[in-house]
Amino acid sequence: MNNSWFGIVNPVAGNGNFNKYWSEIQQGLKANDITYEYVKTEYSNHEKIIVQQAINKGYKKIISVGGDGTLHHIINGIMTQNTINSKEITVAVIPLGTGNYWIKTYTIPKNVKAAINLIKQERTIFQDIGYLELSDITSYFNNVAGIGYDGYVVNKLNKLKRFGPIAYLLSGIAGLLFYKKTTFKVDIDNKSIETECLMTLFGICKYAAGGMQLTDYKDSNNGLFDITIAKNLSFWDLLFSIKKLYNGKILQHKKVETYTSKSLLITPKNRNNLPYIQADGELIGKGKVRVSIIKSAIRIVVP
């Protein structure tokens, strides 16, 4: 077994200041006597291949250097490898990306020096991981996933990322103006709900992309999703509830319902207007999706 850390580094992260941050990170790791190897990603989803190669070489401790997307792809690489049980792998994060919303659940600092200090201390807990099954693709997720309006926003975001952090706001506005709601059939345990729906979300952690609190977060290791069904919310409902999207009070709206479950099935009824599905702020696909949870799937470094 290799007891060193292995860094997976996204050189596109850091809003144009990557070289400055990366120099600081290397100095900080050295100053704390943290032994490590690293590889920089060269293309989208490269993280998945890199982490699997690292695990095959005996690495069990992974550092994600980037944003939520970098971490998402690393988790997918870990969960799809067959070398060792995912529970034996520890993941730490040095956040550099445009969006760093997963870390907010655990109050992992954005400051490079403080994040490295956490790696030095190596205090860990287990976290659940979600699993999405579409007709033609499968994917894992570690934060919040959903179908409908939020998927539409992520699809728009991919075209607006060059605008930096404001891209989330621009994408959200585009969704308010142009997203067309569809009817979902949502099966949760023995309950079946069919309704015109803005979006259905299912979360493990607390904050969705953009920092919004759209699920009734309870625990990231209880084996249950926090599920939100936002029904026929109108443009005006959302416009007058913008603040509530970020402080969690949107969950008290009369058109919003919350549940907990270890699995659910979402079937869009309008086949001519299949909604997008996103996970951790990454676009996954469209249409019907089955969602299940893997309890205590991975070990993470926390304060």
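When reading the values below, keep in mind they use all heavy atoms of this one structure, side chains included, and skip hydrogens, waters and symmetry mates.
Residues near L265 contribute nothing to a hydrophobic cluster around it, because no ILVMFWY side-chain heavy atom sits closer than 4.5 Å to its side chain. Counting Ile, Leu, Val, Met, Phe, Trp and Tyr side chains that sit under 4.5 Å apart, directly or through other members, I49 shares a hydrophobic cluster with Y43.
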Side chains of residues 285-297: which donor-acceptor partners sit under 3.5 Å, not counting sequence neighbours?
{"from": "K295", "atom 1": "NZ", "to": "N221", "atom 2": "O", "distance (Å)": "3.0"}
{"from": "S296", "atom 1": "OG", "to": "N221", "atom 2": "OD1", "distance (Å)": "2.8"}

Distance-only check: which donor-acceptor pairs under 3.5 Å involve side-chain atoms of residues 181-190, not counting sequence neighbours?
{"from": "K181", "atom 1": "NZ", "to": "L233", "atom 2": "O", "distance (Å)": "3.2"}
{"from": "K185", "atom 1": "NZ", "to": "D187", "atom 2": "OD1", "distance (Å)": "3.4"}
{"from": "K185", "atom 1": "NZ", "to": "D187", "atom 2": "OD2", "distance (Å)": "3.1"}
{"from": "D187", "atom 1": "OD1", "to": "S192", "atom 2": "OG", "distance (Å)": "2.8"}
{"from": "D189", "atom 1": "OD1", "to": "S261", "atom 2": "OG", "distance (Å)": "2.9"}

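Residue pairs meeting the side chain to side chain donor-acceptor pair (under 3.5 Å) criterion with at least one member in residues 114-133, sequence neighbours excluded: K61-E122, W102-Q127, Y106-Q127, T124-R299. Within the structure, salt bridge (Lys or Arg N to Asp or Glu O under 4.0 Å) pairs that include any residue of residues 231-250 comprise K231-E257, D237-K255 (at least two apart or interchain). Sorted by first then second residue, the side chain to side chain donor-acceptor pair (under 3.5 Å) pairs that include residues 193-202, not counting sequence neighbours, are E196-N232. Applying the ring-ring contact (aromatic ring centres under 6.0 Å, His included) test to pairs two or more places apart or on separate chains, those with a residue in residues 49-77 are F6-Y59.
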> Yes or no on side chain to side chain contact (heavy atoms under 4.5 Å, CB included) for Y21 and V112, after CA distance, side-chain angles and deciding distance?
Replying inline: CA-CA 8 Å; Y21 287 125; V112 166; 4.2 Å; yes
>> Is there a side chain to side chain contact (heavy atoms under 4.5 Å, CB included) between I227 and L201? Walk through the geometry before answering.
In response: CA-CA 6 Å; I227 301 165; L201 297 126; over 6 Å; no
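For the ring pair (Phe, Tyr, Trp, His ring centres under 6.0 Å) test, residues two or more places apart in sequence or in another chain that qualify with F141 are F225. Take Q252 and apply the side-chain hydrogen bond (donor to acceptor under 3.5 Å, both in side chains) test, not counting sequence neighbours, and it matches no residue. Shown here are the ring pair (Phe, Tyr, Trp, His ring centres under 6.0 Å) partners of Y217, two or more places apart in sequence or in another chain: there are none. Contacts of T83 classified as side-chain hydrogen bond (donor to acceptor under 3.5 Å, both in side chains), with partners at least two apart in sequence or in another chain: N56.
Side-chain atoms of T70 and V9, non-hydrogen and from C-beta on, never get closer than 4.5 Å to each other. N142 is not listed as a side-chain neighbour of C205, based on a closest heavy-atom distance of 4.5 Å or more. For the pair L283 and I277, the minimum side-chain heavy-atom distance is 4.5 Å or more. In this structure, I8 and T41 have side chains that are in contact, with non-hydrogen atoms separated by less than 4.5 Å.
With hydrogens and angles disregarded, a donor-acceptor distance shorter than 3.5 Å links the side chain of N143 to the backbone of Y207.
Side-chain contact, T215 with D226: no donor N or O sits under 3.5 Å from an acceptor N or O.
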